[in-house]
Peer 1: 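Could you have a look at this structure, given as structure tokens, before my questions?
Only heavy atoms go into these numbers, but all of them, side chains included; no hydrogens, no water, no symmetry mates. Order of the sequence lines sets the chain letters (A, B, ...), proteins ahead of strands, with each chain counted from 1.
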2 protein chains.
Amino acid sequence: MTALKRIEREPLWDLAHTQLQDALLAGRFEPGTVLTLRSLAESFGTSITPVRDAVTRLVAQGVLQQGARNSAIVPHLSRRELEHLTVVRCALEGRAAREAASHRDEASLRRLRDRLTTMQSLIAARKLESYLEHHRKFHFGIYAMSGIPLLVETIENMWLRCGPVLSFVIPEYVVLLKGTDHHTAALKAIMAGDADGAEREIVADITEAAHYLSGLADATGQLRRPPG
Amino acid sequence: MTALKRIEREPLWDLAHTQLQDALLAGRFEPGTVLTLRSLAESFGTSITPVRDAVTRLVAQGVLQQGARNSAIVPHLSRRELEHLTVVRCALEGRAAREAASHRDEASLRRLRDRLTTMQSLIAARKLESYLEHHRKFHFGIYAMSGIPLLVETIENMWLRCGPVLSFVIPEYVVLLKGTDHHTAALKAIMAGDADGAEREIVADITEAAHYLSGLADATGQLRRPPG
DNA sequence: GTTTGATGTTTGTTACAACAAACATCGTCG
DNA sequence: CGACGATGTTTGTTGTAACAAACATCAAAC
């Protein structure tokens, strides 16, 4: 049981998979980009076999879209697809918030409170990068309290599908519209064991963000990154 | 645009993937079975590369569980996991039924009515195999009416996860407990545009089936196929 | 008789090469 | 000058082989 025994190399495809996921969530891939196996393999410094595994997984998860000739492309998100994503997210995350209110515990609540204050200071400092990271962890901190791993896993999948456009939010939106702070309200409801309130606030948070993103669509319905 | 041009061979991994999915849904794999690449490759008559792709996808979908040494095993379902599956399915399928009631159309409703009568005659004839098949198509006929492909796709994933135990239901359950026919009630609610009623009946259908399956658990909480 | 160590088997991982389909490029013919 | 066709390039697919980790088996030593 020595520490030496624990040095087990992670498979290469796992590394590629997580790196691709992180890149997607961080919005480092522009929608519409075609990912070729050989170019990815070169950038990872491996053969195409591990990256093929990773891409295969992402496609199976619905995170990457498979185009003609089974090529993998970073999906464009249309206004309609965003609507669909919003419906599913509301059903899933609303339910998770509801369960969280029923299964709350002291330690988790304290962590959420801390993260919330961190988020507010990051907003004030206009540090969008870090804010998005903490924002994600705040949401999933709530969902983890539901005690239903399957629910968390499914929600993660939905966030991955939103990945390419998550970074489309600009600081002004976060700063201005958050006068109606659904995050604080949701946490307060959960602390009070108010399942209805928790669901309502999370759903409102998702809906408002979706409404903002919907305004970024061009004439064809495709969501575009705002200038600046 | 001749028909000859349409003869494009499907990739081998796609064949393996769909065949494995069908086998799972039909309950041809006993929970706990370890699937080795080489044995699957031999049974498919291909090299291990295509079946590796297929298995990789199934694992990424959460349909197959990955055990030690990244081997793929047909997942056991515990009573707790069934509960979690039920929560997610109710949230998703309840929402889909609600949307279906809002987007109903004449042609789809007629197909559903036909399928319902087919199901009833299959019950009377004790043809469980065919019944399960039609039962699945009836449910997904409703979900497709929601007009939200993402929702349907996610629900399909949940059914795949239930796959290994779906065939655990025995004819007696289908025949006896269905005095409370939630299928008929759900369809009636959808035809009337009653979203609340549609969701209520679908949720009741899922919950009752889960309650029955829950009774099949052994001392360790694992679901077991009933004798006979 | 029990334990420990070596060895063989099983099985997933990775690289490489041959292949096929689709697309782009460019030259030739009308 | 334009259209058609040959050719090269790109890219995903599949098979094969070498490799490594884990497990099972068996024999020898205490």
Peer 1: Answer yes if the side chains of A/His17 and A/Gln61 hold a donor-acceptor pair under 3.5 Å, and no otherwise.
Peer 2: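 A donor-acceptor contact under 3.5 Å links the two side chains.
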
Peer 1: Is the distance from OP1 or OP2 of D/dT13 to the nearest side-chain N or O of A/Asn70 less than 4.0 Å?
Peer 2: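 Checking A/Asn70 against D/dT13: at least one side-chain N or O falls below 4.0 Å of OP1 or OP2.
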
Peer 1: About how many Å separate CZ of A/Arg161 and CD of A/Glu156, when rounded to the nearest 0.5 Å?
Peer 2: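 Spacing of CD (A/Glu156) from CZ (A/Arg161) equals 13.5 Å.
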
Peer 1: CZ of A/Phe44 versus P of C/dT14: gap in Å, rounded?
Peer 2: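 Distance, rounded to whole Å: 13 Å.
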
Peer 1: Check this for me, if you would: do A/Glu133 and A/Lys137 make a salt bridge, where the nitrogen-to-carboxylate-oxygen distance has to be below 4.0 angstrom?
Peer 2: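 A salt bridge is present here (some side-chain N lies under 4.0 Å from a carboxylate O).
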
Peer 1: Would one find a side-chain N or O of A/Arg52 under 4.0 angstrom from OP1 or OP2 of D/dT13?
Peer 2: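 Yes, because at least one side-chain N or O of A/Arg52 sits under 4.0 Å from OP1 or OP2 of D/dT13.
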
Peer 1: Mind calculating the distance between CG (A/Leu37) and P (D/dT11) to the nearest angstrom?
Peer 2: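 Nearest whole value for this atom pair: 9 Å.
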
Peer 1: Choose from C/dG12, C/dT13, D/dT13 the nucleotide whose nearest atom is closest to any side-chain atom of B/Thr36.
Peer 2: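 Among C/dG12, C/dT13, D/dT13, the one nearest the side chain of B/Thr36 is C/dG12.
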
Peer 1: Relative to each other, are the rings of B/His183 and B/His139 parallel, tilted or perpendicular (30° and 60° limits)?
Peer 2: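 B/His183 and B/His139: perpendicular rings.
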
Peer 1: If we ignore angles and hydrogens, is there a donor and acceptor under 3.5 Å between the side chains of A/Thr33 and A/Glu30?
Peer 2: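 No, A/Glu30 and A/Thr33 have no side-chain donor paired with an acceptor closer than 3.5 Å.
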
Peer 1: Rounded to whole angstroms, how far apart are CH2 on B/Trp13 and C1' on D/dG12?
Peer 2: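 Taking atom C1' of D/dG12 as the reference, CH2 of B/Trp13 is at 10 Å.
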
Peer 1: Do B/Asn70 and A/Trp13 have side-chain heavy atoms sitting under 4.5 Å apart?
Peer 2: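 A side-chain contact exists here, since the closest heavy-atom pair is under 4.5 Å.
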
Peer 1: In whole angstrom, give the distance that lies between atom CD1 of B/Ile73 and atom P of C/dT11.
Peer 2: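 My rounded result for the distance is 14 Å.
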
Peer 1: Output the rounded distance in Å from CG (A/Leu15) to P (C/dT14).
Peer 2: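 For the pair A/Leu15 CG and C/dT14 P, the rounded distance is 9 Å.
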
Peer 1: Going by an N to O cut-off under 4.0 Å, is there a salt bridge joining A/Arg95 and A/Glu99?
Peer 2: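 The answer is yes: the pair qualifies as a salt bridge.
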
Peer 1: Got a list of protein N/O to nucleotides 15-18 of chain D N/O distances below 3.5 Å?
Peer 2:
from   : atom 1 : to      : atom 2 : distance (Å)
D/dG15 : OP2    : B/Ser47 : N      : 3.0
D/dG15 : N7     : B/Thr49 : OG1    : 2.9

Peer 1: At 4.0 Å (heavy atoms only), tell me whether A/Leu40 reaches a base, stays on the sugar-phosphate, or touches nothing.
Peer 2: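 Touches nothing.
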
Peer 1: Output the rounded distance in Å from CD (A/Glu42) to C1' (C/dC16).
Peer 2: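 One finds 16 Å between C1' of C/dC16 and CD of A/Glu42, rounded.
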
Peer 1: Within this structure, what is the CG-to-P distance between A/Asp53 and C/dT14, rounded to whole angstrom?
Peer 2: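 Those two atoms, CG and P, are 7 Å apart.
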
